[in-house]
Protein chains: 4
Amino acid sequence: MSRIPQPRKAPRQARSRHAVAAILEAAARILARDGYAAFNTNRVAEEAGVGIGSLYQYFPNKQALVAALHRRHGEETLAALDRVLADSASQPPRDQLAAMVDAVLALHRRELGLHRVLEREWPAFDEPPASNPRDAALRERMADWLAESGLDRAKAGTLLRMADSLVHGLLLDGEPDAAALEDTITDALAGFLGLPARAHT
Amino acid sequence: MSRIPQPRKAPRQARSRHAVAAILEAAARILARDGYAAFNTNRVAEEAGVGIGSLYQYFPNKQALVAALHRRHGEETLAALDRVLADSASQPPRDQLAAMVDAVLALHRRELGLHRVLEREWPAFDEPPASNPRDAALRERMADWLAESGLDRAKAGTLLRMADSLVHGLLLDGEPDAAALEDTITDALAGFLGLPARAHT
Amino acid sequence: MSRIPQPRKAPRQARSRHAVAAILEAAARILARDGYAAFNTNRVAEEAGVGIGSLYQYFPNKQALVAALHRRHGEETLAALDRVLADSASQPPRDQLAAMVDAVLALHRRELGLHRVLEREWPAFDEPPASNPRDAALRERMADWLAESGLDRAKAGTLLRMADSLVHGLLLDGEPDAAALEDTITDALAGFLGLPARAHT
Amino acid sequence: MSRIPQPRKAPRQARSRHAVAAILEAAARILARDGYAAFNTNRVAEEAGVGIGSLYQYFPNKQALVAALHRRHGEETLAALDRVLADSASQPPRDQLAAMVDAVLALHRRELGLHRVLEREWPAFDEPPASNPRDAALRERMADWLAESGLDRAKAGTLLRMADSLVHGLLLDGEPDAAALEDTITDALAGFLGLPARAHT
DNA sequence: TATGAATGAGGGTTCATTCAT
DNA sequence: TATGAATGAACCCTCATTCAT
């Protein structure tokens, strides 16, 4: 119960890669549609159109499935932020921040149900969720951006966790009228960073 | 799986009230100490020194136990905020906000493990967590305070969820050096509310 | 995988004692009739007319079932030997030995199939089978008898293992014509102990 | 579950013979090192450096693997006894017997772990273990020796089973101080055969 | 009212075996 | 001929809940 499990073997053949993808898709679908309570390995295998044995050939246990989903989400987030930073290089920090919030929110809106479960019902692992290479890369990216913007590098970690918490807390559980969410979150993050308030709203 | 279950009967006799309290204590203890995975009704009854049958006399099912803990937490939060508002009636909004953040953080620091589980591993119920009388009262209190402080009443709901998200996201998963957490969260909330930044830190 | 499991709880009520007995009976029956391959906990529970959950209330796992059967066998053996020694106190060692062999063989003939499995298919536990209080008592009894008979106390352990091996090896796998088995085994044991050969055969 | 399976095909080419040998080696190694619980066909194939499909080309099923190991052991025993009888042709029966016991014990001491499993955890087959050509040859050899030594031919079968039981029962489960095991077993066998006790010990 | 023995659906995981490549 | 991905029956065990006492 101590290590976050890794995929058992890297799928090398085409058939395998397809199976792994199908399993992950099915897992995400079930998690999003029915919640963690309905998420069991037999169901995932069935929904993936794969034998239960095949599932266990690529994932050593149930947790590894969820871990893989998490990993995928982290990678998507990293890619999105990189894109945003590249596209908004010349803008003032306040606007860059807003653009990043926009991007992350868009990412989460795409798979609301899944992220709700991923965030809220992740069965407790021992390891703090933030101690993986993806999150480290994310932190590094943010720290660089903060420095370039004349802000405090050291706030990167807290900024990320703050953003994550707000996205999940406000988007996932929020009322459906959460239209101005981008502004809401951006204002809060800006407040934390000490950026000036928007001119007027 | 559709309604949040209520306690089956109000304990009217002294013995009953004692049993209910013991059960709730045991539940909180197990959740805090061992996590949701170890939280099962037989264990709770045993730890409470009560027969499993008795547990089901006061709680219709497992979820009702967790719901009761949530309720208790909501009530403590409400009481704490009331106290803070009464004590800081004459201060500027920024300071009142900081005092409230302090109080809520103190509340959570007291039972870190429990709140982590309560927040993160609460099995999905259908009902949005915010639709109960306690949360409504909390929202009302905040709305009143916002109005008195010359701010936007309508932001009460978002403010509360934001505060909750940040407390959990930063305190519960945070690094141990979370000393300046009060300032961090207060700054973010102030940013959201449009309050001026602190003079300097 | 290191300790031989003990019964989970001592059955205190009449109903429980009955359940435990039924489970043990069923386990013995299945082992004897169908072998270890067919011995699974669900089948045992079914054959015992008991829910699988009840089985696990009294036995922490599958091995504990087999261990309990072993224990029972050891106790029966001990009782039988005590009886024989009491009944043949005045006879010469050679005859006492023969009487003991007779008794043990009779014990095994009663439940041939079960003992075959118990002896041969016991899934490897880490603990050497002989390190339990029952076997210690058995060894003690034999050592005393050897001393009283003017023989070497130290041979008790080997004598017992030798007897056990021969009973199982010759009776359980033996040809059906194993009529003179008593003499065969007694002669071998007597040979080991240095007792004079029978007058004539 | 009714017939002891034979190797599916005799390996005629060099490559095949090598594969079969590697598989058998791996099987013996796993059995000796990790016990029957860890003995599964996929693991054997992997340890042998062979595809699981190849394993099933030479062995129709798992049992065939164990059967082959048994066969190998029988052949080694037969060869060893032949050698001993040839070398001790002129000695008295008692000494020849002791020499045979020595040889068999030496054989077993070489692969203690393996034989322990082979003897104790062999999953029940229907066929009595003694009804194969190797055992028949062994019995024949013993019967001839008994006759030459002026003893009862008919005791060959029992003698063999007795020897086998004692070797396994005393050596495999025995205490480490089993130094005098040769004498112990020889005395017992001599007792059974009616040979005179050793002069003095 | 309190108890706790009994239940059994359900779920994670293994592994002998097959068969397409 | 050799491979190893795929399979799924089977099995051990948990735990929420009931109900006879």
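Here is how names work: the chains are called A, B, and so on, in the same order as the sequence lines, proteins then strands, and each is numbered from 1.
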Mind calculating the distance between [atom1] ([X]) and [atom2] ([N]) to the nearest angstrom?
X	N	atom1	atom2	answer
B:Arg43	E:dG4	CZ	P	18 Å
D:Ile52	E:dA16	CD1	P	8 Å
A:Phe59	F:dA5	CZ	C1'	15 Å

Which of the following nucleotides, [options], is nearest to the side chain of [X]?
X	options	result
A:Tyr58	F:dC13, E:dA2, F:dA6	F:dA6
B:Thr41	F:dC12, E:dT14, F:dA16	F:dA16
D:Lys62	F:dT3, E:dA5, E:dA16	E:dA16
D:Asn61	E:dT17, E:dA6, E:dT13	E:dT17

Heavy-atom donor-acceptor pair, A:Asn42 side-chain to E:dG12 base, under 3.5 Å: yes
Side-chain heavy atoms of A:Phe59 within contact of A:Thr41, under 4.5 Å: no
Dot-bracket notation for DNA chain F, counting Watson-Crick and G-U pairs under 3.5 Å, with | for partners on another strand: .||||||||||||||||||||
N or O in side chain of D:Asn40 less than 4.0 angstrom from E:dT14 OP1/OP2: no
side-chain N/O B:Gln57 vs E:dT1 OP1/OP2, d < 4.0 Å: no
So how far is it from [X] [atom1] to [Y] [atom2], rounded to the nearest 0.5 Å?
X	Y	atom1	atom2	result
D:Tyr58	D:Leu24	OH	CG	13.0 Å
B:Arg43	B:Ile52	CZ	CD1	12.5 Å
B:His70	B:His115	NE2	NE2	10.0 Å

Crowding at CD, C:Glu46 (>12 non-hydrogen neighbours, <6.0 Å): no
For A:Leu55, the option from A:Asn42, A:Val20, A:Val44, A:Asn61 that meets side-chain contact (heavy atoms from CB on, under 4.5 Å): A:Val44
Pairs meeting criterion salt bridge (Lys or Arg N to Asp or Glu O under 4.0 Å) with involvement of residues 19-29 of chain C, two or more places apart: C:Glu25-C:Arg72, C:Arg29-C:Glu47
5' priority, DNA chain E, between B:Gly51 and C:Gly53 [closest heavy atom]: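 It is B:Gly51 whose nearest nucleotide is closer to the 5' end.
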